[in-house]
Protein chains: 2
Amino acid sequence: METDTPTRYRQLVEHLRTRGYRITPQRLAILRVLAESDGHPSAEQVFEGIRESYPTTSLGTVYKVIGVLREMGEVLELGFADDSNRYDGAKPYPHPHLICVRCRKIMDPQVSLVDDLTQEVAERTGYHVISHRLDFYGFCPDCLAEG
Amino acid sequence: METDTPTRYRQLVEHLRTRGYRITPQRLAILRVLAESDGHPSAEQVFEGIRESYPTTSLGTVYKVIGVLREMGEVLELGFADDSNRYDGAKPYPHPHLICVRCRKIMDPQVSLVDDLTQEVAERTGYHVISHRLDFYGFCPDCLAEG
DNA sequence: ATAGATGCAAATATTTTGCCGCCTG
DNA sequence: CAGGCGGCAAAATATTTGCATCTAT
């Protein structure tokens, strides 16, 4: 049910190639970070993660590649009012997020009621619901322990 | 259970006064727009709404007043990745939103399962959940009819 | 060989901040 | 009348775009 990191990485490369995009070292480095990250990195964080393996890549290129992946539906973009955008290339479909207000960690909770809630919204309003963005804010167990 | 517009307007004025903030014509105009709007206006839209009644107010002042209200918890800020931020001064507590992807209208669906979902998230993760942001995207009935 | 990608820098858009004169309390 | 507030403009931040050069195919 969960796609593992190496598989997801190869998947992303393959999808780009299939669509006729060129496979460059910069793109491979960016794809690896996006496939590996479970922490929902910002563009800046992807950029940092690439400096180690491929130091000459520019931030502009990171944005351009993310833009392509976003249009392809291979990356989920999470916008925040205060922070910069965060990206999820591991699970690019809508799913709930749980954000620690203290350490800013973002995790994916496993929940069963999402479909029920979505259906309730659709039935009560007459909308044709096609997507969602469900964020919960709170304190993670680690931060609760630390006080 | 719903606070009507005039009541909410007086409430906002009173809350500002109580906290020691000065009541100026500009602030009254901004508060009226925020209390009246059910459409979740942007700062720019609040600014436009004020030009009619109080043409000399500046956009900077709109941002400053919204900033004060946000810190007081009297306005809910909704950030979007692509769009500018939207503000809800009528119901400044967390609640689900339903956003039409065609006409960009934002409405508040009436749902019962939100608390259940929140509790499920908390129980399954050990987080202490304190807030949420629940957005559903789709086509509103009007846009469905128009094709 | 060539269309497309990179890198750099300038442009854009939104929100925040600084400062001075004015008005509320 | 004193300190907060409004208006204006500059600054700060995040992202997009333009263009010359380079490279994957």
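A quick note: this is a predicted structure, and the numbers were derived from the prediction, not measured.
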Aromatic plane relationship, A:His95 with A:His40 - under 30° parallel, 30 to 60° tilted, over 60° perpendicular: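 Geometry flag for A:His95 against A:His40: tilted rings.
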
Do [X] and [Y] come within less than 4.5 Å of each other through their side chains, counting heavy atoms only?
X: A:Lys91; Y: A:Leu76; result: no
X: B:His15; Y: B:Met72; result: yes
X: B:Val62; Y: B:Ile50; result: yes
X: A:Glu74; Y: A:Arg8; result: yes

May I have the distance from [X] (atom [atom1]) to [N] (atom [atom2]), rounded to whole angstrom?
X: B:Arg17; N: C:dG25; atom1: CZ; atom2: C1'; result: 10 Å
X: A:Leu31; N: C:dA5; atom1: CG; atom2: P; result: 13 Å
X: B:Glu77; N: C:dT16; atom1: CD; atom2: C1'; result: 12 Å
X: A:Leu69; N: C:dA5; atom1: CG; atom2: C1'; result: 14 Å
X: A:Arg19; N: C:dA5; atom1: CZ; atom2: C1'; result: 18 Å
X: A:Tyr21; N: C:dA3; atom1: OH; atom2: C1'; result: 14 Å
X: B:Gln45; N: C:dT15; atom1: CD; atom2: P; result: 11 Å
X: A:Ile50; N: C:dT6; atom1: CD1; atom2: C1'; result: 13 Å

Hydrogens and angles aside, do A:Glu120 and B:Ser112 bring a side-chain donor and acceptor to less than 3.5 Å of each other?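 Judged by distance alone, the side chains do pair up.
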
Looking only at the side chains, is there a donor atom on one of A:Thr118 and A:Asp115 sitting less than 3.5 Å from an acceptor on the other?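 No.
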
Within the distance-only criterion (no hydrogens, no angle test), does the side chain of [X] pair as donor or acceptor with the backbone N or O of [Y] below 3.5 angstrom?
X: A:Arg124; Y: B:Gln110; answer: yes
X: B:Arg32; Y: B:Tyr9; answer: no
X: A:Thr57; Y: A:Tyr54; answer: yes

Heavy-atom contact window of chain B on DNA chain D, given 5' to 3' at under 4.0 Å: D:dG3 to D:dC8

Any side-chain N or O of B:Asn85 less than 4.0 Å from the OP1 or OP2 oxygen of C:dT15?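 For B:Asn85, the contact criterion (side-chain N or O under 4.0 Å from OP1 or OP2 of C:dT15) is met.
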
Go through the N and O atoms of the side chain of A:Arg27 and the base of C:dA5, and report whether any donor-acceptor pair is under 3.5 Å. no

Would you mind reading off the bend of the helix from C:dA1-D:dT25 to C:dG25-D:dC1 from its two end axes, five pairs each, to 10 degrees?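 Taking the rotation axis at each end, their angle is 40°.
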
Separation of A:Ile99 CD1 from B:Tyr127 OH (nearest 0.5 Å):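 Those atoms lie 9.0 Å apart.
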
With nearest nucleotide decided by heavy atoms, which residue, B:Ser42 or A:Ile30, maps closer to the 5′ end of DNA chain C?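 Counting from the 5' end, the first nearest nucleotide belongs to A:Ile30.
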
Please list residues of residues 51-67 of chain B whose heavy atoms come under 4.0 Å from any atom in DNA chain D, ordered by number; otherwise none. B:Thr56, B:Thr57, B:Ser58, B:Thr61, B:Lys64

